[in-house]
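One structure is given here, and the rest of the page talks about it.
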Amino acid sequence: MSQRGLAALIYALSVIWLAIATPVAARVTSLAPDICVGGANSASEALALPRTALDCGPDRFKNSDPVLRSSIELTDASLPTTGTFLWQTDPALFDSMLLQFTYADGETKLVDVDRQMAVRNWFVRARFSVPVPDSSSELEAIDVVVERPRTRSILSAARLIDRDEAIGEHYVKSLVYGIACGLLLVPIFFDLMFFGLLRFRFILWHAAMSASFLIFIFSHSGLIFNFFPDTDLGLRFHLNSLSLAASVVFAVLFTLDILEERTVPRKLVRGILALTGLMVTLKLVTLLDLEVFRLEGHRAFILSMLPIVALNLVIAMQAFRRGSRAATYLLIAFAGAVFSGLAKLIIELGLLSPLFPLDDLVCVSMILLVLSTSAAVGDRFLILRMERDRARFRALKLGKMALSDPLTKVGNRRAFNAISIVEEGAALLVIDIDHFKSINDAFGHATGDMVLSRLSHMLRRFFNERGAAVFRLGGEEFAIVLQAQNETALRHCAELLREAVAREIGDPSLSIPSITISLGGALGVGRSRDHVFSEADKALYRAKKSGRNCSVICSCVASKIAVEPAFASF
């Protein structure tokens with residue numbers, strides 16, 4: 001993906017985030033700024049607390065008592081509309097919840113919320129809805145009692161929203177989150193396809209990271225309840241955090257694996273692996289659901305991811321400075337995660353409203369991370385594919401060089417020895433240049449090499465259309481494996497070749513003398529190469545003894561071969 005393509009991607013994701021995150025302030029009211037919080041050991045004790053006993057200070061949400069009560073007194077300005085509206089919050093995980101609505105005429109209405117009610121009334125973007133009961137009087141106060149909440153957001157994320165606005169927002173954001181899940185399926189498919197071609201670990205890490213993000217968005221947004229309505233709230237809570245932890249682990253492994261060698265300092269590698277191990281340990285602690293870690297354990301787990309994201313960014317920057325191509329994509333990918341982490345930290349410090357659309361920002365940053373790292377995977381894949389193809393080409397070239405004679409460019413003795421059987425219908429010719437030593441003595445070795453090159457070139461040309469293989473066995477000796485059905489055809493081919501060599505080899509202008517050759521041949525008849533070569537070599541010896549410049553064909557297997565028309569193969 002080019003830089004222009006990445007810029008277009010970032011712009012598109014920004015538009016999506018603005019579309020799903022823009023609040024409608026006139027129809028949505030955050031209750032967190034005016035909520036007071038108190039703690040007790042039971043729901044009855046919590047409800048009995050007078051308002052004056054509640055904490056309305058900046059640290060009110062840090063209360064860690066087993067049962068928490070939040071209370072808010074409403075004014076006309078606090079209500080989003082004068083019509084029907086909903087009370088919403090982040091359900092996270094709790095044991096039980098009780099809502100008390102108090103009206104101007106003194107009437108109170110109770111709504112008992114169990115975990116499955118939160119499932120049934122899910123609202124996209126990590127919320128659930130409780131309809132505010134109708135009354136002839138105005139709503140004056142809302143009290144919420146929660147037994148063993150696992151996160152502080154159950155109280156701090158409370159809001160009132162117009163019912164019609166909630167329905168429209170639920171529909172639009174469900175569609176957007178559904179599209180986001182669909183987008184995350186694409187890189188998983190391509191990762192698996194790439195892994196079938198090149199089995200590199202970083203492709204698997206990327207697929208696992210994308211799958212973890214997909215599970216997180218599918219679960220955290222509440223879409224899981226649409227497909228699996230009986231899902232327990234506790235299962236969804238732990239699925240959220242487990243998939244988030246897994247995505248961070250796989251993101252770290254992907255980063256360390258895709259960056260080129262020697263672009264990441266070892267101390268940074270050790271540091272990020274240690275931080276990742278700490279995060280996983282904290283997550284395992286939250287699974288124990290111990291009272292002492294009930295609130296702080298999950299918060300510590302979430303905050304433990306921030307230094308990992310920051311160090312991942314530092315690693316990408318270090319790799320970029322050292323010339324890594326993949327680091328360019330990683331810097332873009334982690335930008336959204338860093339921004340989301342900063343937003344989470346600011347919210348934790350109380351400097352940003354809990355109603356800030358952090359969940360939407362996290363979703364968009366995850367999509368940006370997956371798609372940008374997908375570009376890194378594609379880029380790295382192409383580079384590795386080219387490197388592999390070059391390596392294969394070099395291996396083939398080296399293999400060919402190992403089996404070819406560097407002077408004459410025909411097969412060498414190693415290539416000839418690789419032949420085990422001379423098949424039925426094939427034959428072997430062994431050639432020797434007559435008086436080659438005298439050529440070297442009279443004209444020099446350079447001229448001798450030119451003679452060998454000329455002869456090998458002529459042999460390749462002569463047998464070009466005959467399906468023959470030419471080999472230089474050493475010195476001035478050559479071997480040819482060719483098609484020949486009988487001795488007559490083989491003898492005719494040998495004579496044609498002998499006459500052609502005597503006629504064509506030699507160039508007075510270059511001081512290259514004319515030469516003659518002696519040939520010995522034998523039919524293969526499916527016998528071993530060594531056996532056939534022995535017969536052809538003996539035939540060559542007889543040709544030399546006969547005065548050279550002639551050919552002799554071994555007739556050792558003549559009785560086994562049916563007589564066929566001569567030159568059938570030529």
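If you read the sequence from its start, that first residue is 1, and numbering goes on from there. Every heavy atom of this structure was used, including side-chain atoms; hydrogens, water molecules and symmetry mates were not.
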Worksheet item: Donor-acceptor pair, Arg321 side chain versus Gln318 backbone, under 3.5 Å?
Response: no
Worksheet item: Can you check whether Leu330 reaches Ile315 side chain to side chain, under 4.5 Å on heavy atoms?
Response: no
Item to complete: Quick one: closest heavy-atom pair of Leu311 and Gly271, and the distance?
Response: CD2-C, 3.8 Å
Worksheet item: Where is the tightest heavy-atom contact between Leu233 and Ala92, given as atom of each residue plus distance?
Response: CG-O, 3.5 Å
Practice prompt. Go through the side-chain N and O atoms of Gln100 and Thr108 and say whether any donor and acceptor fall under 3.5 Å apart.
Written response: no
Discussion item. Using ring centroids (six-membered ring only for Trp), state whether His298 and Phe293 fall under 6.0 Å.
Written reply: no
Fill in: More than 12 heavy atoms of other groups within 6.0 Å of Tyr103 OH
yes
Item to complete: Using side-chain contact (heavy atoms from CB on, under 4.5 Å) as the criterion, point out the one residue from Val146, Val113, Val132 that pairs with Leu99.
Response: Val113
Discussion item. Between Glu291 and Arg148, does any NZ, NE, NH1 or NH2 come within less than 4.0 Å of an OD or OE carboxylate oxygen?
Written reply: yes
Fill in: Test side-chain contact (heavy atoms from CB on, under 4.5 Å) applied to Arg69 and Asn63, Val144, Leu54, Val37, the passing residue
Leu54
Worksheet item: Do side-chain atoms of Arg236 reach the backbone of Ser219 as a donor and acceptor pair under 3.5 angstrom?
Response: yes
Fill in: For Val130 against Phe128, the heavy-atom pair lying closest together
CG2-CE1, 3.5 Å
Worksheet entry | Asp114 (side chain) donor-acceptor with Gln116 (main chain) under 3.5 angstrom | yes
Worksheet entry | Arg127 side chain to Gln88 side chain, donor-acceptor N/O pair below 3.5 angstrom | no
Worksheet item: Is there side-chain contact between Leu295 and Arg299, with heavy atoms separated by less than 4.5 Å?
Response: no
Worksheet item: Is there a donor-acceptor contact under 3.5 Å linking the side chains of Ser153 and Thr151?
Response: yes
Worksheet item: Under 4.5 Å between any side-chain heavy atoms of Phe237 and Pro91, yes or no?
Response: no
Discussion item. Run Asp191 and Leu204 through side chain to side chain contact (heavy atoms under 4.5 Å, CB included) and show every step you take.
Written reply: CA-CA 7 Å; Asp191 285 338; Leu204 284 183; over 6 Å; no
Worksheet, complete the sentence: Here the gap from Arg262 atom CZ to Ser324 atom OG, rounded to the nearest 0.5 Å, amounts to 12.5 Å
Discussion item. Test side chain to side chain donor-acceptor pair (under 3.5 Å) on Glu147 and Ser96; report intermediate values, then the result.
Written reply: CA-CA 5 Å; Glu147 182 180 356; Ser96 64; 2.9 Å; yes
Fill in: Side-chain H-bond candidate by donor/acceptor type, Glu107 with Ser137, under 3.5 Å
no
Worksheet item: Taking 4.0 angstrom as the limit, do Lys62 and Glu296 come out as a salt bridge?
Response: no
Fill in: Arg322 atom CZ, over 12 foreign heavy atoms within 6.0 Å
yes
Worksheet entry | Over all atoms of both residues, closest heavy-atom pair of Leu268 and Val314 | CD1-CG1, 4.3 Å
Worksheet item: Looking at CD of Glu165 and CZ of Phe85, how far apart are the two atoms once the value is rounded to the nearest 0.5 Å?
Response: 14.5 Å
Discussion item. Working to the nearest 0.5 angstrom, can you tell me the gap between Met279 CE and Leu306 CG?
Written reply: 11.5 Å
Discussion item. Check whether Phe101 forms a cation-pi arrangement with Lys109 (NZ or CZ under 6.0 Å from the six-membered ring centre, at most 45° off the ring normal).
Written reply: no
Worksheet item: Side chains of Leu93 and Arg115: closer than 4.5 Å at any heavy-atom pair?
Response: yes
Worksheet item: Does a side-chain heavy-atom distance below 4.5 Å link Phe216 with Ser247?
Response: no
Worksheet item: Does the gap between the ring centers of Tyr177 and Phe218 come in under 6.0 Å?
Response: no
Discussion item. Rounded to the nearest 0.5 Å, what separates atom OG in Ser212 from atom CG in Leu242?
Written reply: 10.0 Å
Discussion item. If you compare all heavy atoms of Ala158 against all heavy atoms of Ile35, which two are closest, and at what distance to 0.1 Å?
Written reply: CB-CD1, 4.2 Å
Worksheet item: Got Val145 and Met97 here, is their nearest side-chain heavy-atom distance under 4.5 Å?
Response: no
Discussion item. Can you confirm whether Glu140 sits close enough to Leu74 that some side-chain heavy atom of one is under 4.5 Å from a side-chain heavy atom of the other?
Written reply: no
Worksheet entry | Ser71-Arg51 side chain donor-acceptor pair, cut-off 3.5 Å | yes
Worksheet entry | Audit row: Leu98, Val111, side chain to side chain contact (heavy atoms under 4.5 Å, CB included) steps and yes/no | CA-CA 6 Å; Leu98 181 67; Val111 178; over 6 Å; no
Item to complete: Report the C-alpha separation of Asp289 and Arg294 in whole Å, then their side-chain angles, then the decisive distance to 0.1 Å, and conclude whether the salt bridge (Lys or Arg N to Asp or Glu O under 4.0 Å) test is met.
Response: CA-CA 6 Å; Asp289 200 21; Arg294 175 171 49 84; over 6 Å; no
Item to complete: Return yes if some donor-acceptor pair links the side-chain N/O of Thr255 with the main-chain N/O of Ala251 below 3.5 Å, else return no.
Response: yes
Worksheet item: Above 12 or not: heavy atoms from other molecules or residues under 6.0 Å from CZ of Phe195?
Response: yes
Item to complete: With side chain to side chain contact (heavy atoms under 4.5 Å, CB included) as the test, would you mind laying out the steps for Trp122 and His170 before giving the verdict?
Response: CA-CA 9 Å; Trp122 76 276; His170 180 72; 3.5 Å; yes
Item to complete: Specify the closest pair of heavy atoms between Thr89 and Leu155, including all atoms of both residues, with the distance to one decimal.
Response: OG1-N, 4.4 Å
Item to complete: With the side chain counted from C-beta on, respond yes when Ile272 and Leu256 share a heavy-atom pair under 4.5 Å apart, and no when they do not.
Response: yes
Worksheet item: From His220 NE2 over to Ile215 CD1, what is the distance, rounded to the nearest 0.5 angstrom?
Response: 15.0 Å
Discussion item. The test is side chain to side chain contact (heavy atoms under 4.5 Å, CB included); show your working for Leu244 and Met305 and say whether it passes.
Written reply: CA-CA 9 Å; Leu244 188 59; Met305 291 188 288; 3.2 Å; yes
